[in-house]
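Only a predicted model underlies this, so the values are computations on that prediction, with no experimental measurement involved.
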Amino acid sequence: MSQSLKLIKEHVSNPKFWLIIGVGVAGIVVLVETRRRTRRNKTHKQDFGAFVERFEILPFPQLPPPAAKQSLSALTFAINETFDVKGYVTGFGNPTWKSTHKAAEKTAVVVTALLKSGATCVGKTVVEEFSFGISGENKYYGTPTNPRMPSCTPGGSSCGSAVAVAAGLVDFAVGTDTVGCVRVPAALCGIFGFRPSHGAVSTIGVLPNAQSLDTIGLFACDPSILHRVGHVLLQLSSVETRRSRRIIFADDLFQLSTIPTQRTIHVIGKAIENMSGYQDPKHLNLCQYIESKVPSLRLHEQSTHQQNETSILKTISSVMLLLQRYEFKTNHEEWVKSLKFKLGRGVPDHVIAAISTVYDNIKALYKVRTEMRGAFQSLLEDDGILVIPTVADNLLKLNTTKGFSSEFHDRTFALSSIASVSGCCQVTIPLGYHDGYCVSVSFVSFHGADKFLLDTVLDIYSTLRERVSVGSDLLSLPDVNGNRETSELLKEKGNAAFKEKQWSEALNYYTEAIKLNGTNSTYYCNRAAAYLKLGCFQDAAEDCSKAILLDKMNVKAYLRRGAAKESLLCYEGALEDFKHALVLEPQNKDASLAEERLRKLMS
C-alpha cells in the first residue's frame, strides 16, 4: 500500500482531514475558472466582444463570362444571432432559446444573397435578448465594447454587428431594425446604419420580433460599401434617372437633441449650397404636420397627460412599442409559456410583460401605421429627404442606471418611431465628434425610395465631411454690453410683439436686446418664452439656464425651463425646476399644477 493511501486510511475519520481536502479541491476549481475567464477575456479583447460564434462561409464561385462580376467580391461580413445559417442553432441572444431549438435546416435568404454576390461570412454577433432593447447589453454574452468610446455602451439591439464594423473586424454587417436597433448603435458607434423601407428586403430565415416593424438593416464605415451592399439586398438596378432633391429639416425634432442644432443644420446647408440638383433647404415643424395628417393619433394622445407638440412623438412611439409587444406575443407566447418553471429565470422581465399583457383595440394601432405612411408619402413625394437627429442623447455610460431610465428611452424612441411606424427608409450618417462623443444625423425618405436615399448619401457625403471640419465656427450670439436704454426699448418692443402672438418678431427683439446687454436675466427669460411658442425647446432651456445664472430668484425662468424640459421628455429635470419654483413661491398655481401633472406622468 502506498504512503498516500496509508495516510488517507489513518485520517479518514478526522473532520480536519476532509476540510483540508475540500479547501484543496476548491482551490483547483477557482484556478481552473480563473484561467477560463482569462482566456474568455482575451478573446473579447481581440474581437471587442462582438461575436457569439466565429466561422467562415465562403462565397459562391464566380460564374464564368458573360456573367457579371460579383459586386461584393473580397468583402467580409457578420450577421447577428437572429439569422439562420444551415447547421447552426439561431440563438436569439438567449441561451434558453438556443438550448430548446434545433439547428437551422436552411440559410436565411439575405445571407445567401450576400454569399452569391461574393462576400464571405465570418460569424454571428451578439444581439440583445430576443432583439429587445437599445442599450446593447446582454447579461449572458456580455456587452460588446464600443470601439469609439470604450466606457460607453454600443447601443442595440444589433450591438455586436455595429461593433464588428466600427472595430474594422468586417467590411460590413447585417442586423435587424425593429424600433431603432440598427440606427441607434450606428449613431453611438460612429458608423453608417441603413434601415430599408419596410418589406423591401426579405426576412425569410430571420427570427421575427414584430413583423410589421421588422427590417433587415446594414452597417458600414464606408458609404460606397453601404451603397453596394444595399443594391444587392434590394435587388436594384444600377441605372436611374437623376432627380432633384429637396432637403427638409425637422426643426422641432432637432430641439430634442443635445447637440447644438444650428451646427448640424449649417453643415448640411453649406454642403448642398453649390451641389447640382439640390434645391434650397426647407424647414418644417414635423409634429404639427403629423398632427394634421394622422387623425388616428388624437385618439391615443387623449390618454397622455402632455399638452404640447412633443406629445405627438410620445404617442407615435407608444403605438410603435405596443405593436412590437403585441406581435412579439403572437410570435413567441407559446414558447415562453412552454418554459413553465423557467419563466422568471430564462426570460427578461420586459419579455414576460409583453407576453402577459392583454392588448385592446389593435386595429387602431395599424390604422395609425397606415396613415403615417400616407402622410410621409405626401410630404416627401418622389424627391424629398427629411433630416432629423438619429439619437437625442450622448452615449450611455457602462454600468449605470441611465440606460434603463424612461427618459432616455422616451427621447430615443420618439426619434426612431418616425421611420419604424411610417415604414420609411432611413440612413444614419456619422458626422464626427462633439465634446468627445459621436455625432450623427439621419436622412429619411419615403417608403420605396431606398435607391434614391442610398444614392443621395453617396453623393453628398464627401462634401458633408469637408464641411464638418469648418462647422465648429458656427453662429453664436455674442454678449456685448451696450446702451441699456436701447436694450430696454428693444425688450418692450419684444413684449408688444409677443402679446400680438408674433413669436419670431418678439424673438428678434429680445435677441437684439441681449446683444446690447447680456447681463439682464429678464431678456433671456423673455426670449425663452418666445422659443417655447416656436417649439424650440432646447434653446428655451438654455436661455432659462442663463437667466437663472444671472438671477437665482427668477421664478419664471424655472417654470419655463421646466416646461422646456418636459417637452424634451426630460421629466426628472422638469420636476426639479417646478419644485424649485414652488420653494421660491409656495402659492404659485402654475408650478403646483405642473408638479402634480408630472408626478402622475412619471408614476
Query raised in the report: Quick one: are Pro389 and Val441 in side-chain contact, heavy atoms under 4.5 Å?
Result: no
Donor-acceptor under 3.5 Å (Glu505 side chain, Gly494 main chain)
no
Nearest heavy-atom approach of Cys438 to Ala187 is CB-O, 3.5 Å
Between the CD atom in Glu137 and the CD atom in Glu128, the distance rounded to the nearest 0.5 Å is 7.0 Å
Subject >> Under 3.5 Å side-chain donor-acceptor pair for Tyr366 and Ser212 >> reply: no
Looking only at heavy atoms, the pair that brings Ala557 and Cys525 closest together is N-SG, 3.5 Å
Donor-acceptor pair, Ser521 side chain versus Ala547 backbone, under 3.5 Å? yes
query: Given Ser378 and Tyr289, is the side-chain contact (heavy atoms from CB on, under 4.5 Å) satisfied, shown in steps?
result: CA-CA 11 Å; Ser378 298; Tyr289 175 80; 3.7 Å; yes
Between Val163 and Pro147 the two heavy atoms that sit nearest each other are O-CG, 3.9 Å
Original post:
Do any N or O atoms from the side chain of Arg527 and from the backbone of Cys544 form a donor-acceptor pair under 3.5 angstrom?
Top reply: no
(request) Establish, from distance only, whether the side-chain atoms of Asp410 and Thr412 form a donor-acceptor pair under 3.5 Å. (result) no
For Asp459 and Tyr278, does a side-chain donor sit closer than 3.5 Å to a side-chain acceptor?
yes
Side-chain heavy-atom pair Cys181, Thr178 within 4.5 angstrom cut-off: yes
Hey, is the main chain of Ala414 close enough, under 3.5 Å, to the side chain of Ser417 for a donor-acceptor pair? yes
Note to self: I'd like to know if the side chain of Asp539 and the backbone of Tyr531 have a donor-acceptor N/O pair within less than 3.5 Å.
What the structure shows: no
side-chain hydrogen bond (donor to acceptor under 3.5 Å, both in side chains) filter on Ser318, not counting sequence neighbours, yields none
message: Between Arg148 and Gly190 (side chain of the first, backbone of the second, donor and acceptor by atom type, cut-off under 3.5 Å), is there such a pair?
response: yes
Q | Pair Glu572-Lys565, salt bridge (Lys or Arg N to Asp or Glu O under 4.0 Å): steps then yes or no | A | CA-CA 9 Å; Glu572 292 179 6; Lys565 288 181 177 178; over 6 Å; no
Worksheet item: Heavy atoms, side chains only, cut-off 4.5 Å: are Phe249 and Ile268 in contact?
Response: yes
Here the pair of heavy atoms bringing Thr522 nearest to Asn520 is N-OD1, 2.9 Å
| Is a side-chain donor or acceptor of Ser445 paired with a backbone partner of Gly384 at a separation under 3.5 angstrom? | yes
*Do Pro154 and Pro185 touch side chain to side chain, with heavy atoms closer than 4.5 Å?*
no
Within the 6.0 Å centroid threshold, strictly below: Phe192 and Tyr461: yes
query: Can you list the steps and then say if Leu297 with Ile312 is a side-chain contact (heavy atoms from CB on, under 4.5 Å)?
result: CA-CA 8 Å; Leu297 277 177; Ile312 291 290; 4.2 Å; yes
Do NZ/NE/NH1/NH2 and the carboxylate oxygens of Glu542 and Arg561 come within less than 4.0 Å? no
- With salt bridge (Lys or Arg N to Asp or Glu O under 4.0 Å) as the test, would you mind laying out the steps for Lys579 and Glu576 before giving the verdict? CA-CA 5 Å; Lys579 286 164 67 176; Glu576 287 301 312; 3.5 Å; yes
Under 6.0 Å between ring centres, would you say that holds for Phe132 and Phe328?
yes
Output for pair (Leu415 CG, Phe413 CZ), nearest 0.5 Å, gives 11.5 Å
Donor-acceptor pair between Gln324 and Asn209 side chains, under 3.5 angstrom | yes
> Is the closest side-chain heavy-atom distance between Thr428 and Val184 below 4.5 Å?
Replying inline: no
Within the distance-only criterion (no hydrogens, no angle test), does the side chain of Arg246 pair as donor or acceptor with the backbone N or O of Leu380 below 3.5 angstrom?
yes
Here the gap from Asp251 atom CG to Ile388 atom CD1, rounded to the nearest 0.5 Å, amounts to 13.0 Å
inquiry  = With heavy-atom distances below 4.5 Å as the criterion, would you say the side chains of His198 and Arg369 are in contact?
reply    = yes
### Message
If you define the side chain from C-beta out and look only at heavy atoms, does anything of Asn146 sit under 4.5 Å from Thr153?
### Response
no
Rounded to the nearest 0.5 angstrom, the CD1-CD1 distance for Ile460 and Ile247 is 5.5 Å
Residue pairs passing the salt bridge (Lys or Arg N to Asp or Glu O under 4.0 Å) test with at least one member in residues 186-195, sequence neighbours excluded, are Asp177-Arg195
Between Asn138 and Val127, the two heavy atoms sitting closest are ND2-O, 2.8 Å
Start with the C-alpha gap between Ile429 and Leu464, add the side-chain angles, then the distance that decides, and say whether side-chain contact (heavy atoms from CB on, under 4.5 Å) holds. CA-CA 10 Å; Ile429 303 172; Leu464 200 56; 4.1 Å; yes
TODO: Run the salt-bridge test on Glu488 and Lys491 with the 4.0 Å N-O cut-off and return the result as yes or no.
DONE: yes
*Describe, in one word, how the ring planes of Tyr558 and His580 are oriented to each other, choosing from parallel (under 30°), tilted (30 to 60°) and perpendicular (over 60°).*
parallel
Between Glu371 and Ser296 the two heavy atoms that sit nearest each other are OE2-OG, 2.8 Å
Next item on the list: Check whether any side-chain heavy atom of Ile418 lies under 4.5 Å from a side-chain heavy atom of Leu253, and answer yes or no.
Entry: yes
- Please check if any side-chain donor atom of Ser440 sits under 3.5 Å from a side-chain acceptor atom of Thr390, or the reverse. yes
query: Do you see a donor-acceptor pair shorter than 3.5 Å between the side chains of Ser416 and Arg183?
result: no
Practice task
For Ser592 and Asn588, indicate whether the former's side chain and the latter's backbone hold a donor-acceptor pair under 3.5 Å.
Solution key: no
Answer with yes or no after comparing the ring centroid distance for Phe376 and Phe446 against a 6.0 Å cut-off, counting only values under it. no
dist Ile514:CD1 -> Ser487:OG (nearest 0.5 Å) comes out at 10.0 Å
Value for CZ (Arg560) from CG (Asn554), rounded to nearest 0.5 Å, stands at 8.0 Å
Without hydrogens or angle criteria, can the side chains of Asp543 and Tyr510 be said to hold a donor-acceptor pair below 3.5 Å?
-> no
Query raised in the report: Do Asp383 and Arg245 sit within salt-bridge range, that is, some charged N less than 4.0 Å from a carboxylate O?
Result: no
query = Given Leu453 and Phe443, is the side-chain contact (heavy atoms from CB on, under 4.5 Å) satisfied, shown in steps?
reply = CA-CA 8 Å; Leu453 180 61; Phe443 284 7; 3.7 Å; yes
